[in-house]
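For reference, the structure discussed in these notes is given below.
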2 protein chains.
Amino acid sequence: MTGSTHSPAEDTGPAPDRPTGTAGRPIRVLLAEDQSMVREALAALLGLEPDIEVVAQAARGDEVLAAARAHAVDVALLDIEMPGRTGIEAAAELRAALPELKVVVLTTFGRPGYLRSAMEAGAVAFLVKDAPAAQLADAVRRVLAGERVIDPTLAAAALAEGANPLTDREREILRAAADGATNAELAAALHLSQGTVRNYLSTAIQKLAARNRTEAVGIAREKGWL
Amino acid sequence: MTGSTHSPAEDTGPAPDRPTGTAGRPIRVLLAEDQSMVREALAALLGLEPDIEVVAQAARGDEVLAAARAHAVDVALLDIEMPGRTGIEAAAELRAALPELKVVVLTTFGRPGYLRSAMEAGAVAFLVKDAPAAQLADAVRRVLAGERVIDPTLAAAALAEGANPLTDREREILRAAADGATNAELAAALHLSQGTVRNYLSTAIQKLAARNRTEAVGIAREKGWL
DNA sequence: ACATCCGCATGACAGATGTCATGCGGACAG
DNA sequence: CTGTCCGCATGACATCTGTCATGCGGATGT
């Protein structure tokens with residue numbers, strides 16, 4: 001357990017040099033998370049660190065880019081599950097518009113597929129909310145120093161899983177089927193024959209080693225492939 | 001419908017010094033939440049309040065009772081989704097063992113069924129993590145003063161929904177079907193005929209106004225009836 | 001004591017779902 | 001250029017799933 005780590009005195013270790021250029025000024029952080037209570041609690045936590053300042057908050061994925069631009073942010077902390085845009089989509093957007101900015105993805109679920117997508121979207125760190133709180137401030141400092149911060153266990157799992165085996169069509173149909181749509185509706189919505197829809201579902205079920213669509217949806221969700 | 005109702009009886013029994021913010025000792029809080037980062041962030045947030053002290057933390061539902069006993073806790077803050085025991089189950093346990101203790105249930109999902117179960121288990125407050133962070137400390141103080149704290153919108157939704165319409169059997173089967181089990185397996189596991197299983201699912205589907213088992217599971221989950 | 005309601009249980013039937021064999025066309029290595 | 005692979009697409013067939021009519025037994029209210 002990494003319980004109480006409030007010792008600013010011994011904090012001299014990981015900060016021999018401020019990699020953001022201007023020495024001495026606090027690290028400017030954007031925090032994006034849809035649940036107010038969690039967001040503000042995380043802000044309080046980071047506020048305890050003398051060298052970190054939360055200068056912007058966002059409750060929706062589609063507010064992230066504007067907020068980052070408006071506040072000259074050094075590091076963006078993004079939750080994945082957000083309304084408007086997922087943290088992953090927001091990360092891709094940030095990389096395109098503000099390539100200097102370091103993106104940390106912070107999520108409830110340590111799904112290998114999420115890690116993979118996050119890295120592909122340009123994130124340099126991936127944290128799960130299960131991890132000790134001390135890792136949060138730590139990760140902020142380390143990404144600014146140019147490091148990548150990834151839980152080794154999760155990285156191994158992501159590599160072991162391999163990539164998402166589902167094709168675009170299969171994912172599309174599985175996602176729609178997850179909401180309870182009957183495959184006649186799917187066929188109509190996608191302008192396909194009913195048999196074709198069934199066939200995609202069938203191959204998806206086989207690829208995921210499931211016994212029916214319900215289980216297939218569960219497995220795909222669990223791995224972050226949906 | 002919210003806090004305006006005080007309990008007339010059973011109030012101010014053994015309290016020479018009201019532990020409320022006035023002049024007494026700080027309020028002793030137990031915080032139970034499985035995600036370390038969120039738990040410690042919430043602890044940091046509460047730690048900013050001068051009259052509140054987080055004296056115990058639990059990462060699992062089955063650690064709650066022992067922790068509450070060991071630290072003479074005034075208020076327990078319980079997340080619902082936890083390993084070991086749900087926050088609801090832990091609340092029932094606390095009410096049985098430590099009836100003085102005020103229980104606040106704190107959850108990600110504002111599901112009406114959750115609210116209902118929480119109140120039946122003896123919780124006196126129900127907060128969603130979507131709410132502003134200030135409500136957390138506020139709720140702690142108010143429950144200690146004998147108030148109940150419930151989001152009026154959610155309370156209205158819970159009343160409008162009515163109670164869980166599913167019978168025990170239906171819930172049991174729907175829950176199992178949610179994992180992707182085929183109903184032949186369900187029949188074997190529950191020592192029923194296959195037709196019977198289908199029938200339970202059928203009535204569940206009708207009660208929930210769903211079109212198939214998948215959608216029924218989704219609806220039941222959303223309402224907190226699973 | 002009785003009628004009534006409700007949960008539990010079953011099998012027959014129709015319609016939805018999953019599997020299979022088959023074919024088309026683009027990408028890619030040789 | 002050609003053979004091969006893979007994603008996309010379809011219809012026929014067998015199985016699974018959802019609905020219905022029916023019946024049993026315990027609780028409830030009168």
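Lettering follows sequence order; numbering is per chain, from 1.
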Would you tell me if any nitrogen or oxygen in the side chain of B:Q194 comes within less than 4.0 Å of OP1 or OP2 on C:dA9?
no
Expressed in angstrom and rounded to an integer, what is the separation of B:N183 atom CG from C:dG11 atom P?
14 Å
Closest nucleotide among C:dC20, D:dT17, C:dT10 to the B:N199 side chain
C:dT10
Are any of A:T182's side-chain N or O atoms less than 4.0 Å away from OP1 or OP2 of C:dT17?
yes
Nucleotide nearest A:L192 when distance is taken to its side chain, options D:dA9, C:dG18, C:dC8
D:dA9
Hey, are A:E40 and B:K129 close enough for a salt bridge, meaning a charged N less than 4.0 Å from a carboxylate O?
no
What nucleotide among C:dC8, D:dA9, C:dT19 has an atom nearest to a side-chain atom of A:Y200?
D:dA9
Contact class for B:Q206 vs. all strands (heavy atom < 4.0 Å): base, sugar-phosphate, or nothing?
sugar-phosphate
Rounding to 10°, can you tell me the angle the first-five-pair axis of the helix from C:dA1-D:dT30 to C:dG30-D:dC1 makes with its last-five-pair axis?
40°
Examine C:dC8: is either OP1 or OP2 under 4.0 Å from a nitrogen or oxygen in the side chain of B:T167? Give yes or no.
yes
Do the charged groups of A:R111 and A:E222 touch, with an N to O distance under 4.0 Å?
no
Closest to the A:R198 side chain, choosing from D:dA12, D:dG18, C:dT10:
D:dA12
Whether A:S193 contacts D:dG11 is assessed here as follows: a side-chain N or O lying under 4.0 Å from the phosphate OP1 or OP2. Is that the case?
yes
From D:dG18, D:dT10, C:dT10, nucleotide with atom closest to A:T196 side chain
D:dT10
Does A:F126 form a side-chain contact (heavy atoms from CB on, under 4.5 Å) with A:R148? I'd like the steps, not just the answer.
CA-CA 9 Å; A:F126 190 91; A:R148 289 177 178 271; over 6 Å; no
